[in-house]
There are 2 protein chains.
Amino acid sequence: MSRQGLSSVSSSKLADFVSVNPWQIRKDFSYFGDFGTRGVGYDIENLAKQIKKILKLDTTRKTALVGVGNLGSAIMAYTGFGTYGFQITAAFDNDPAKIGRKMNDVAVENISMLDTLGKRQVDMAIIAVPEQAAQDVADALVRAGVKGILNFSPRRIVVPKKIKVITIDIATDLARLPYYIP
Amino acid sequence: MSRQGLSSVSSSKLADFVSVNPWQIRKDFSYFGDFGTRGVGYDIENLAKQIKKILKLDTTRKTALVGVGNLGSAIMAYTGFGTYGFQITAAFDNDPAKIGRKMNDVAVENISMLDTLGKRQVDMAIIAVPEQAAQDVADALVRAGVKGILNFSPRRIVVPKKIKVITIDIATDLARLPYYIP
DNA sequence: TAGTGCTTGTGAACACAATCACAAAGTCAT
DNA sequence: ATGACTTTGTGATTGTGTTCACAAGCACTA
């Protein structure tokens, strides 16, 4: 909306957009403060800023990618991270053929260099390695001081409670579809 | 658990496994029937069967993959679909260089062949094409009679209400992490 | 067969979230 | 300045899901 040059938006417009009721939008916002102006609506620029602040998306964060296979390459090529202030500043693989290659201005490093992430202020990582390697990579990431992991392998990875892991398993997501199909 | 040779499991074991309370497990199951045996637990084989039935995962379903780039190739190579009875029986791309190539015993077809999916009893599809093409592909899939779509592009795709779409946007998922990081 | 130890299934109680209805506060035209 | 019109913010209400506590039921032993 901001890009479209709009400056303010009502709760009912937002509600339509995400398919909920207007009062749900207002109630939810009100738990965090008074973002809107009566009679006018919500200032789009400010609303986005406030929400980013609440979700802690108001600072840029350096992210590492582990595994530069098909999936990793797709992630590397993905352009949507900037919106949330993410920068992929490091990429790792264990395949000598890939190490040294540059993707999107990031040189692929040997996976043994994972330890250096802590010093490089990288606190998030994306795991895109084969299932068997996922746990080892996760362990290394934790040792390196990474605080959040996005795990694309279908393996349940075990980490200390302090570390947040979000797992995306394509099959599990796909498995949600049949329920809605007659 | 079944593969490990176990035959029955208690609600508290299941609860630990998914990090909830035992009574939550029992209550939830009880809404769908009496699956367990008092003093014993739940028969693993039967429980799995019942849950698959509830979630309509008890029949094999043919699925099409559209877009055989990096992401599509990663999906094609993924082995976890069998668990839920999914079979990727068709793959499409618009790149002549890829058409005809075989991946996992599936020949990549020209994207213009999407219309034929209806006759081939394919009722689910995975969209792994660049953002700009996502809506067009979705439209074609709907015309072909596909009932459920797993959308990997960050574009909100618009389809008739009857069609179920699940969108996986890597950036959105990654954006959930910072909230948990101090 | 009676007793002991588990584990399920569920009504009742409780906590939480969604919905409603409306006062408060702004805009705009006259 | 006033009145008509919008739109937010929120107490009150309603609805829904979670938690509890315990009776019911099964396995196993003696």
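So that the names make sense, note that chain A is the first sequence line, chain B the second, and so on, each numbered from 1.
Other residues, nucleotides and ligands place more than 12 heavy atoms under 6.0 Å from the CD atom of B/Glu131. Remark: A/Lys13 NZ is loosely packed, at most 12 non-hydrogen atoms of other residues, nucleotides or ligands lying under 6.0 Å away.
The residue A/Tyr31 sits apart from the nucleic acid: no heavy atom pair falls under 4.0 Å. Within 4.0 Å (heavy atoms only), B/Tyr42 reaches sugar-phosphate atoms of the nucleic acid but no base atom. Contact annotation for A/Phe29: no contact, since no heavy-atom pair falls under 4.0 Å across all strands.
Distance, A/Lys27 NZ to C/dA21 C1': 12 Å, rounded to whole Å. Computed from coordinates, the B/Asp28 CG to D/dT16 C1' distance equals 13 Å when rounded to whole Å. Atom CD1 of A/Ile25 is separated from atom P of D/dT8 by 10 Å (rounded to the nearest Å). Rounded to whole Å, atom P of C/dC6 lies 18 Å from atom CH2 of B/Trp23. Spacing between atom CG of B/Asp34 and atom C1' of C/dT10 amounts to 10 Å, rounded to whole angstrom units. Rounding to whole angstrom units, CG of residue A/Asn21 and C1' of D/dG15 are separated by 14 Å. To the nearest angstrom, C1' of D/dG9 lies 15 Å from CG of A/Leu47.
No hydrogens or angles considered: nothing links the side chains of B/Arg26 and B/Ser30 as a donor-acceptor pair under 3.5 Å.
For the pair B/Gln24 and D/dG17, the criterion of a side-chain N or O lying under 4.0 Å from OP1 or OP2 is not met.
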When you check every protein heavy atom under 4.0 Å of nucleotides 22-30 of chain C, what one-letter string (B, S, -) results, 5' to 3'?
-BBBBS---
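Taking CE of A/Met124 as the reference point, atom CG of B/Leu177 lies at 5.5 Å (rounded to 0.5 Å). Interatomic distance, B/Phe92 CZ to B/Glu109 CD, rounded to the nearest 0.5 Å: 4.5 Å.
Put simply, the side chain of A/Asn21 never gets that close to the backbone of A/Trp23: no donor and acceptor are under 3.5 Å apart.
Within residues 10-19 of chain B, the residues having any heavy atom closer than 4.0 Å to DNA chain C are, in order of number, B/Ser10, B/Ser11.
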Should A/Asp169 and A/Thr167 be marked as a side chain to side chain donor-acceptor pair (under 3.5 Å) after you check the CA-CA gap, both sets of side-chain angles, and the distance that decides it?
CA-CA 6 Å; A/Asp169 178 5; A/Thr167 296; over 6 Å; no
Please test B/Ile126 against B/Phe86 for side chain to side chain contact (heavy atoms under 4.5 Å, CB included), starting from the C-alpha separation and ending with a verdict.
CA-CA 12 Å; B/Ile126 303 174; B/Phe86 301 135; over 6 Å; no
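Using a 30° and 60° split on the angle between ring planes, B/Tyr78 and B/Phe81 fall in the perpendicular class, above 60°.
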